[in-house]
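On a predicted model such as this, the values are computed, not experimentally measured, just so you know. Just so it is clear, the values below take in all heavy atoms, side chains as well, and ignore hydrogens, waters and symmetry mates. The residues of the chain are indexed from 1 along the displayed sequence.
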Amino acid sequence: VQDPQMHPIKAAEQLSESTLSQPVDLTSQVVVFANERTDERVAMDLVGADSVRSRQRDLARLKIADLTGLGVCQDYYHADSPDLGLLLPNLTKLILDESLFASWAEVCIAVSSLEQLRFLSLRGNRFSLPGAKCSQTAPALLSSLQSLVLNDTQVDTQTLELAAQSTPNLLDVHLASNHFTRLNHALAVWPRLQLIDLCRNQLSDWSELDQALRNLPHLTELRLSQNHLPDLEPCEHDPTLLSSLKTIDYLWIDGNRLTKWSSLVVLLRVATNLTRLRLDQNPVTMENGSAMTLRYLTIAHAHNVVQVNGAQISLKERTEAEKYFLKWIQTTQAQQTSHDELPPVCPFYEDFLRSRYQQLVEVHGAPTPASKETTDSLADQIVDLTIFFQGSDKRKRLPRSVSIGDLRTLCASLFKIPSIQLQLCLQVSKDDPMPTSLDSDSNTLDYYGVTNESTLH
């Protein structure tokens, strides 16, 4: 009621004494509103249980059903049960998560009559090896199904092969959290697959994975998050390895065991259609450095990718990333020259860096060296750093080797504030388009290429 002068009269005042002695469903009653000033009364029929029940009776219109955790199992379907296809002729999405199905055969019996079913989720059911096939007509049982979710079902490759007989037109399959260590050829029986979700399994062999994904010409999205996939060694790279990734547009490899940027280069050389990539939570992206600088390195390596870790790459961000990458290559080469104990860069990756460096120099020009001096004298290891805080500034001479943690403690002492409240950002030079967040206390100033022109905020 929009009029603030209108107020509801208590329901008891609208009911006779005889009515009050019986149970009352107020959702089906008429509530009267009165205006105290004019004594005008307006009757309103509440939309409540009757309306809901009416819609529930009209099951023919139902398109989505979510029965999560309701204990649905094969015992619900027997000879006297009504045909679900007749009750729910337009059902397209059915969620049976955390139910009591124990095999794919039981699922077929339950939903085979739903001719419009496109999406079926069985997450959290506990599948065992099927005791028998569904029927002689199994391949046509779920011919309309396009999306199948089998996450956390303890499904095995034999059950997958049986499921494939019933779902010949499947476009995406979700197999996360099933403890797979290998897949053999279980996925090849779905030739139309466009999306495969294998997150949170125990896959650890790129070659075996590649074999399992062969003969899937329409595959465009592959999710491999939180597995045990190791580095790809470019020096021993087989040109035919990972050829199954040629059609991939969106690749999830976050949360694996990649420790080298060269592994990303190997993947990019094969997945030539890749435009979206998830790479975070790998050792290589969790090394010393801020989240921003590591994102820059990912963007600069994957020059055809338009989205990294779920975030679109703007033109400005790509430009900043490529300029940072030029400085990073320069620093990496200098460290290799001055530190004999560092492991040599693989020739494959060295060739990539050289080629990429020349490409970016033609676009952005050569980077200015961080320091003109090349000797290791004490003066070379000291930097004059200007520190700004809330309108005031202080200039300090600091060793380049000082850690960010010690620098944070120093700033807390200088400006009389708790170190836990400090967020430090470094602007390497006046031309630096975006300050770098110093969020790793174990890094040193030298890691960020600090100069006497640098400022700390």
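Using cut-offs of 30° and 60° for the angle between ring planes, the F325 and F352 rings count as tilted.
Taking the side chain as every heavy atom from C-beta outward, L209 and S244 never approach each other to under 4.5 Å. For the pair L122 and F127, the minimum side-chain heavy-atom distance is below 4.5 Å. With a 4.5 Å cut-off on side-chain heavy atoms, L258 and I253 count as touching. Contact of the L160 side chain with the F180 side chain is registered, since non-hydrogen atoms from C-beta on lie closer than 4.5 Å. With a 4.5 Å cut-off on side-chain heavy atoms, H174 and L195 count as touching. Contact check for L267 versus L242: side-chain heavy atoms found under the 4.5 Å cut-off. Residues E221 and D197 have side chains not in contact (no heavy-atom distance under 4.5 Å, counting atoms from C-beta outward). Counting heavy atoms from C-beta on, the side chains of L213 and I196 come closer than 4.5 Å.
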Given the rule in the side-chain contact (heavy atoms from CB on, under 4.5 Å) test, do F119 and V149 qualify, once you have shown the distances and angles that lead to the verdict?
CA-CA 8 Å; F119 177 96; V149 179; 3.8 Å; yes

Could you walk me through whether T386 and S454 pass the side-chain contact (heavy atoms from CB on, under 4.5 Å) check?
CA-CA 7 Å; T386 304; S454 301; over 6 Å; no

Starting from the C-alpha separation in whole Å, work towards a yes-or-no answer on side-chain hydrogen bond (donor to acceptor under 3.5 Å, both in side chains) for S207 and D210.
CA-CA 5 Å; S207 179; D210 181 46; over 6 Å; no

Would E98 and R126 satisfy salt bridge (charged side-chain N to carboxylate O under 4.0 Å, His left out), going step by step from the backbone distance to the final call?
CA-CA 9 Å; E98 300 175 13; R126 290 294 179 262; over 6 Å; no

List the steps, then state whether side-chain contact (heavy atoms from CB on, under 4.5 Å) holds for V173 with L175.
CA-CA 6 Å; V173 60; L175 302 170; 3.8 Å; yes

Carefully, step by step, assess V265 and Y349 under the rule side-chain contact (heavy atoms from CB on, under 4.5 Å).
CA-CA 8 Å; V265 177; Y349 188 52; 3.8 Å; yes

CA sep, side-chain torsions, deciding dist, call: T409, D406, side-chain hydrogen bond (donor to acceptor under 3.5 Å, both in side chains):
CA-CA 5 Å; T409 302; D406 292 339; 5.2 Å; no

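Judged by distance alone, the side chain of S314 and the main-chain N or O of E317 form a donor-acceptor pair under 3.5 Å. Between the side chain of R278 and the backbone N or O of R223 there is no donor-acceptor pair closer than 3.5 Å. Within the 3.5 Å criterion, the main-chain N or O of V155 finds no donor-acceptor partner in the side chain of T159. Between the W206 side chain and the P230 main chain, a donor and an acceptor come within less than 3.5 Å of each other. Not a single donor-acceptor pair under 3.5 Å links the side chain of N227 to the backbone N or O of N256. Between the side chain of N273 and the backbone N or O of I248 there is no donor-acceptor pair closer than 3.5 Å. One N or O on the side chain of H301 and one on the backbone of L297 form a donor-acceptor pair closer than 3.5 Å. The main-chain N or O of I387 is never found under 3.5 Å from a side-chain atom of D393 such that the two would form a donor-acceptor pair. Here the side chain of W252 pairs no donor or acceptor atom with the backbone of L279 at under 3.5 angstrom.
Ion pairing between a basic and an acidic side chain is recognised when a charged N comes within 4.0 Å of a carboxylate O; E320 and R295 show no such pairing. The residues D97 and R123 are annotated as salt-bridged, a charged nitrogen and a carboxylate oxygen being separated by less than 4.0 angstrom. Salt-bridge check for D66 with K93: failed, with every basic side-chain N at 4.0 Å or more from each acidic carboxylate O. With respect to D231 and R257, no salt bridge is recorded, no charged nitrogen being found less than 4.0 Å from a carboxylate O.
Side-chain atoms of D249 and T275 include a donor-acceptor pair closer than 3.5 Å. S147 and D172 share a donor-acceptor pair across their side chains, judged by distance under 3.5 Å alone. Side-chain polar atoms of Q211 and H185 form no donor-acceptor pair below 3.5 angstrom. A donor-acceptor contact closer than 3.5 angstrom links the side chains of N169 and R192.
Atom OG1 of T455 sits about 4.5 Å away from atom CD of Q427, to the nearest 0.5 Å. Rounding to the nearest 0.5 Å gives a distance of 9.0 Å between CG of L219 and CD of Q194. Between the CG atom in N125 and the CZ atom in F101 there is a gap of 6.5 Å [rounded to 0.5 Å]. Interatomic distance, CG of L94 versus CD of Q116, reported as 14.0 Å (0.5 Å rounding). Within the model, atoms OG of S355 and CD of E350 stand 12.5 Å from one another, a figure rounded to the nearest 0.5 Å. In this structure, the separation between CG on N184 and CD on Q158 is 10.0 Å, given to the nearest 0.5 Å.
Of all the heavy atoms in W104 and S166, the pair that sits closest is NE1-OG, 3.2 Å. For the pair R118 and S144, the tightest heavy-atom approach, listed with the atom from each and the gap, is NH1-CB, 3.2 Å. Taking each heavy atom of P217 and P191 in turn, the nearest pair found is CD-O, 3.9 Å. Of all non-hydrogen atoms in A164 and V189, the two that sit nearest each other are CB-CG2, 3.1 Å. Here the closest heavy-atom approach between residue N151 and residue A176 is recorded as OD1-N, 2.8 Å. In this structure, L150 and N178 approach most closely via the heavy-atom pair O-ND2, 3.0 Å.
Annotation: Q307, atom CD; neighbour count of heavy atoms from other residues, nucleotides and ligands within 6.0 Å is above 12. Within a 6.0 Å sphere centred on CZ of R182, heavy atoms belonging to other residues, nucleotides or ligands number 12 at most.
Residue pairs that meet the ring pair (Phe, Tyr, Trp, His ring centres under 6.0 Å) test with at least one member in residues 385-418, sequence neighbours left out, are F388-H457, F389-F415.
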